[in-house]
Amino acid sequence: MVSRPVTRDDRPAPRPDARRRGRRARRWVIALVVLVLLLVGADFGAAAYAEHMISQKTRTQLQLSDDPSVTIHGFPFLTQALGGDYRHISVSAAGIPVAGKLQDVAVNAELENVTAPLSDLTAGNTKAITIGELTGSVTIKAADLARLSPLDKIKDLRIEPSTTEYVQNGDSGQSEPTPTTTKTTEGQPEQDESSTGVRISGHLQFAGKDLEIFCFAMIEADAAKGTINFLPKRLQFGNDQETTVVPAAVQKVLMPNFNASISTKDLPLSVTPTGVQVHSGSVTIKGKAANVSFADLSK
């Protein structure tokens with residue numbers, strides 16, 4: 001007997017219940033995907049709403065003209081919101097007025113282990129919002145530093161970075177070196193030092209003359225007293241003079257005009273100072289705080 005090849009028509013047809021199970025499984029997969037997308041969308045939407053709420057509260061707390069930037073890290077967000085515990089929130093703002101003198105202070109803050117019950121957040125009860133760990137920086141521009149005593153006696157005040165060695169010893173006939181940032185083996189900057197060099201320049205009146213003066217000073221963060229201190233070391237005349245050497249008697253009279261101190265308690269965030277950096281035209285104070293109330297950030 002000769003057998004013939006099996007054709008498509010000869011194969012057994014799929015059972016109806018198998019086809020139904022296949023279609024049902026595909027429907028479940030599609031429904032699951034749609035549900036996941038809806039949940040993710042709802043999560044991001046809720047996070048955006050919470051970021052907006054925190055931004056508005058921060059704007060009110062810091063007396064800002066615009067909403068600051070707020071980012072809530074971590075996914076999913078809804079579990080954080082429902083529990084009132086947030087792992088990590090980033091906040092940045094500029095143009096903050098402080099103590100009636102400073103007008104353009106910038107703030108960057110990383111808030112960790114934040115407790116913010118949803119009911120208190122929506123009701124604006126900032127006293128109930130607590131921050132477990134806060135790491136932040138406050139940047140003050142030269143124009144604002146010029147409003148602080150005794151720096152307010154210096155006209156056209158300018159701020160530039162300098163090195164500790166140059167502040168202490170001068171250049172011995174060489175030009176002032178450009179400060180550099182030391183890198184670790186991983187290529188990241190090392191931790192901020194508690195002191196750094198700075199060159200403060202401007203015009204002062206002395207013996208009826210308008211003198212351009214360069215002051216080379218150290219800025220030191222005093223964690224115990226909660227202050228940032230400008231410690232002048234030496235003065236030089238500007239380039240409009242025949243010599244850069246300032247006589248000792250003149251230095252003794254002019255040096256106190258550069259001896260200033262800033263209390264971090266008067267600045268936003270109210271952190272304990274841990275480091276200070278100088279950039280062209282500004283000074284950045286870095287610090288930390290623990291177990292603080294959101295309502296205390298502007299004190």
Partner residues of [X] under the side chain to side chain contact (heavy atoms under 4.5 Å, CB included) criterion, sequence neighbours left out:
X: Ala146; value: Leu157
X: Glu165; value: Thr163, Asn169
X: Asn291; value: none
X: Asn108; value: Ser92, Ser137

Approximate separation, where rounding is to 0.5 Å, of [X] [atom1] and [Y] [atom2]:
X: Leu204; Y: Lys155; atom1: CG; atom2: NZ; value: 9.5 Å
X: Gln236; Y: Thr244; atom1: CD; atom2: OG1; value: 4.5 Å
X: Tyr86; Y: Ile129; atom1: OH; atom2: CD1; value: 8.5 Å
X: Met218; Y: Ser195; atom1: CE; atom2: OG; value: 4.0 Å

Any side-chain heavy atom of [X] within less than 4.5 Å of one from [Y]?
X: Glu212; Y: Phe237; result: no
X: Asp85; Y: Asn113; result: no
X: Val198; Y: Ile159; result: yes
X: Leu267; Y: Leu102; result: yes
X: Ile262; Y: Leu145; result: yes
X: His279; Y: Thr284; result: yes
X: Val278; Y: Ile219; result: yes
X: Ile140; Y: Val98; result: no

Check side chain to side chain donor-acceptor pair (under 3.5 Å) between [X] and all other residues, then give those that pass, not counting sequence neighbours.
X: Asn229; value: Thr227, Ser261
X: Ser149; value: none
X: Ser90; value: His73, Glu110
X: Ser201; value: Arg158

Specify the closest pair of heavy atoms between [X] and [Y], including all atoms of both residues, with the distance to one decimal.
X: Gln205; Y: Asp210; value: NE2-OD1, 3.1 Å
X: Gly275; Y: Ala221; value: N-CB, 4.2 Å
X: Gly197; Y: Val167; value: CA-CG2, 3.9 Å
X: Ile154; Y: Gly202; value: CG2-CA, 3.6 Å
X: Ile285; Y: Pro273; value: CG2-CB, 4.4 Å
X: Asn259; Y: Phe230; value: OD1-O, 3.2 Å

Q: For residues 215-231, pull every pair meeting salt bridge (Lys or Arg N to Asp or Glu O under 4.0 Å), keeping only residues two or more places apart or in separate chains.
A: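 Every candidate salt bridge (Lys or Arg N to Asp or Glu O under 4.0 Å) pair involving residues 215-231 fails, so no pair, neighbours aside, qualifies.
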
Please list every donor-acceptor pair under 3.5 Å in which a side-chain atom of residues 251-258 meets a protein atom from a residue at least two apart or in another chain.
{"unit_1": "Gln251", "atom_1": "OE1", "unit_2": "Leu235", "atom_2": "N", "d": "3.2"}
{"unit_1": "Gln251", "atom_1": "NE2", "unit_2": "Val246", "atom_2": "O", "d": "3.1"}
{"unit_1": "Asn257", "atom_1": "ND2", "unit_2": "Leu254", "atom_2": "O", "d": "3.0"}

With no hydrogens and no angle check, is any side-chain donor or acceptor of [X] less than 3.5 Å from a backbone partner on [Y]?
X: Thr274; Y: Lys286; result: yes
X: Arg234; Y: Gln168; result: no
X: Thr264; Y: Gly226; result: yes

Q. What residues, two or more places apart in sequence or in another chain, satisfy salt bridge (charged side-chain N to carboxylate O under 4.0 Å, His left out) together with Asp104?
A.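 If we apply the salt bridge (charged side-chain N to carboxylate O under 4.0 Å, His left out) test to Asp104, skipping adjacent residues, the hits are Lys141.
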
Q: Would you please name every residue forming a salt bridge (charged side-chain N to carboxylate O under 4.0 Å, His left out) with Arg87, sequence neighbours left out?
A: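 Arg87 satisfies salt bridge (charged side-chain N to carboxylate O under 4.0 Å, His left out) with no other residue.
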
Q) Does one hydrophobic cluster hold both Ile200 and Leu231, with members joined at side-chain heavy-atom distances below 4.5 Å? A)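 No; Leu231 is not reachable from Ile200 via cluster members.
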
Q: Check the pair Thr164, Thr196 against side chain to side chain contact (heavy atoms under 4.5 Å, CB included), reporting the backbone distance first and the verdict last.
A: CA-CA 6 Å; Thr164 300; Thr196 188; 5.6 Å; no

Q: Tell me yes or no: between the side chains of Asp144 and Gln103, is some donor less than 3.5 Å from an acceptor?
A: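 Note: Asp144 and Gln103 side chains miss the donor-acceptor criterion.
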
Q | Evaluation steps, side chain to side chain contact (heavy atoms under 4.5 Å, CB included), between Thr139 and Val105 | A | CA-CA 6 Å; Thr139 298; Val105 173; over 6 Å; no

Q: Step by step, work out the side chain to side chain contact (heavy atoms under 4.5 Å, CB included) result for His203 and Asp156.
A: CA-CA 7 Å; His203 292 260; Asp156 302 323; 3.9 Å; yes

